Protein chains: 2
Amino acid sequence: MSTAARAVPSEEPLAEEHAGLRAQHRRRVRDALVTSALSLFKERGFEHVTVDDVAKMAGVSRRTFFRHFATKEDVVMERRRRQLHTFAALLEGDDGRPALERVREACLSLADDFEAQRERVLAERALVMGNRELVARDMEVDRELEQVIVGAFAAHEGRRAAARRGGGRAAAPSIEARWMAAAVVGIVRVTLDDWAEGGGRTKLRAMGERGFTLLAGLERART
Amino acid sequence: MSTAARAVPSEEPLAEEHAGLRAQHRRRVRDALVTSALSLFKERGFEHVTVDDVAKMAGVSRRTFFRHFATKEDVVMERRRRQLHTFAALLEGDDGRPALERVREACLSLADDFEAQRERVLAERALVMGNRELVARDMEVDRELEQVIVGAFAAHEGRRAAARRGGGRAAAPSIEARWMAAAVVGIVRVTLDDWAEGGGRTKLRAMGERGFTLLAGLERART
DNA sequence: CGAAAAATGTCACTCAGTGCCACTTGACAC
DNA sequence: GTGTCAAGTGGCACTGAGTGACATTTTTCG
């Protein structure tokens, strides 16, 4: 909204389904750019690879790279961003369960994914942590994750209010919902850091469960 | 450490005191760059001002700008970074009080400063929120703040361990200390967002106190 | 005073990111 | 099919951030 959104490729629909030949090809190019970029970055380091290099390896022009990604950093965030979308999908809709419970499950399921793809996750993480710009972008995604989680808390507490309003747009999320979401994301991030620093040798899921136990204490403290 | 630290002006000593002629002048130039930059950015918007413009207004060369600030964004973060240093100073040393209590006081004192300088804080905040790069840098500072707070928690719980080690370097902070710090920073940030979104019309200190009440609940949940 | 160190200005260079325009190729109506 | 339209692309030129090298001035310190 306010973030002077670059004139960018309009947030891919992300719909795997059928899609026309055109969308299919676009997706292939995009994927080629991601894999080329990650491969080169891991090999030579983010700052010693130019966008030209990436484009050439993917078999497209430099100009096309920027039609798919607003910045050189964004191509590294692609995977995380897709994860974010599936994460958001997990939280869609509102069964009766408490929001924290649902968020907990979604996070722990993500933790399982991470442990299953340990090597890849650790390698990409090392790449990100080795560069200031990338760290900054990574936190940008954390903020988006936080917004998704705020949505989950707000949806839960706002069902009544929304109903009374006639099903219109949701009310602004309460400060408590935002507090909870910020705490969740912070704790999840730290847990992940800890796991990665230990070379992925600790039990990520177990740590995550401990973290959410703590968070349950936080929620109990809500008035 | 790992963040491929740019070859930058070596973290100003920040010592106000006497300082030689040389340091004095350097500080004056730096301040001139900051005020010029903020003035131009607020007037025309961050992306419609070049580093050349800023340097010219401050009466130095473009090259000198980059001897003081690693990036165009960093000059905007200067004020926050100084605040961070005074904040860290507040947490220096270890009286017997619980860490959360001391962090709470430091944060609430910061809240008072913000309310006292409402206009300036809100204006700079609007500047930052209006630009993606600046938001990312801002979160970078949040992370540094988090590290400082981790230090406070770790120092408190690590006194014994450090003593046994013979006063050597502190042990790595516990995951609980890191969780707490992440939760604190997240909640502080959201509280500030909320205050700013309301145009600074709400009571920041009161909100902050509520936030820390919540955090006390979190700490109780620690094993 | 004289030498080392710090700060600056100038110049040249790399590379990220953008606007513009011409060209190709799927998508879709008829 | 055929024509029309829009999307995706490549090429090119341009702005501006950031860096390295070198010469010059100015402070510090023995």
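These numbers were taken from a predicted model, which means no experiment stands behind them. Chain letters run A, B, ... following the sequence lines, proteins first, then strands; residues in each count from 1.
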Would you please confirm or rule out a distance under 4.0 Å between OP1 or OP2 of [N] and any side-chain N or O of [X]?
X     : N     : answer
A:H68 : D:dG8 : no
B:H25 : C:dA6 : no
B:T64 : C:dG9 : yes
A:R26 : D:dG8 : yes

Atom [atom1] of [X] to atom [atom2] of [N]: distance rounded to whole Å?
X      : N      : atom1 : atom2 : value
A:L33  : C:dG17 : CG    : P     : 14 Å
B:H48  : D:dT15 : NE2   : C1'   : 13 Å
A:F66  : D:dT15 : CZ    : P     : 18 Å
A:E133 : D:dG18 : CD    : C1'   : 11 Å
B:R63  : D:dA17 : CZ    : P     : 14 Å
A:D52  : C:dC13 : CG    : C1'   : 15 Å
B:K72  : D:dG18 : NZ    : C1'   : 12 Å
B:E47  : C:dG19 : CD    : P     : 12 Å

Notebook entry, point to check: Is any NZ, NE, NH1 or NH2 atom of the basic residue among A:E146 and B:R189 found under 4.0 Å from an Asp or Glu carboxylate oxygen of the other?
Noted result: yes
Margin query: Reading DNA chain D from 5' onward, which residue's closest nucleotide shows up sooner: B:E73 or A:G59?
Written below: A:G59
Next item on the list: With sequence neighbours left out, write down each residue that passes ring-ring contact (aromatic ring centres under 6.0 Å, His included) with B:F46, or none if nothing qualifies.
Entry: B:F41
Notebook entry, point to check: What residues, two or more places apart in sequence or in another chain, satisfy ring-ring contact (aromatic ring centres under 6.0 Å, His included) together with A:F212?
Noted result: none
Check: Reckon A:V54 touches a base, only the sugar-phosphate, or nothing at all at heavy-atom distances under 4.0 Å?
Finding: nothing
Checklist line | Bending between helix ends of the helix from C:dC1-D:dG30 to C:dC30-D:dG1 [5 pairs per end, 10° resolution] | finding: 30°
Only distances under 3.5 Å count here; give the side-chain donor-acceptor pairs of residues 48-58 of chain B to other protein atoms, sequence neighbours excluded, each with its distance to 0.1 Å.
residue: B:H48; atom: ND1; partner: B:R44; partner atom: O; Å: 3.3
residue: B:T50; atom: OG1; partner: B:D52; partner atom: N; Å: 3.3
residue: B:T50; atom: OG1; partner: B:D53; partner atom: N; Å: 3.1
residue: B:T50; atom: OG1; partner: B:D53; partner atom: OD1; Å: 3.4
residue: B:T50; atom: OG1; partner: B:D53; partner atom: OD2; Å: 3.3
residue: B:D53; atom: OD2; partner: B:R44; partner atom: NH1; Å: 3.4
residue: B:D53; atom: OD2; partner: B:T50; partner atom: N; Å: 3.0

Counterpart residues, side-chain contact (heavy atoms from CB on, under 4.5 Å), relative to [X] (two or more places apart):
X      : value
B:S61  : B:R63, B:T64
A:R120 : A:R79, A:Q117, A:E124
A:A88  : A:V148

Checklist line | A:K203 atom NZ: more than 12 heavy-atom contacts under 6.0 Å | finding: no
Next item on the list: Quick one: list whatever passes side-chain hydrogen bond (donor to acceptor under 3.5 Å, both in side chains) with B:W195, sequence neighbours left out.
Entry: none
Notebook entry, point to check: Reading nucleotides 21-30 of chain C 5' to 3', which nucleotides get B (base under 4.0 Å from a protein heavy atom), which S (sugar-phosphate only), which -?
Noted result: ----BBS---
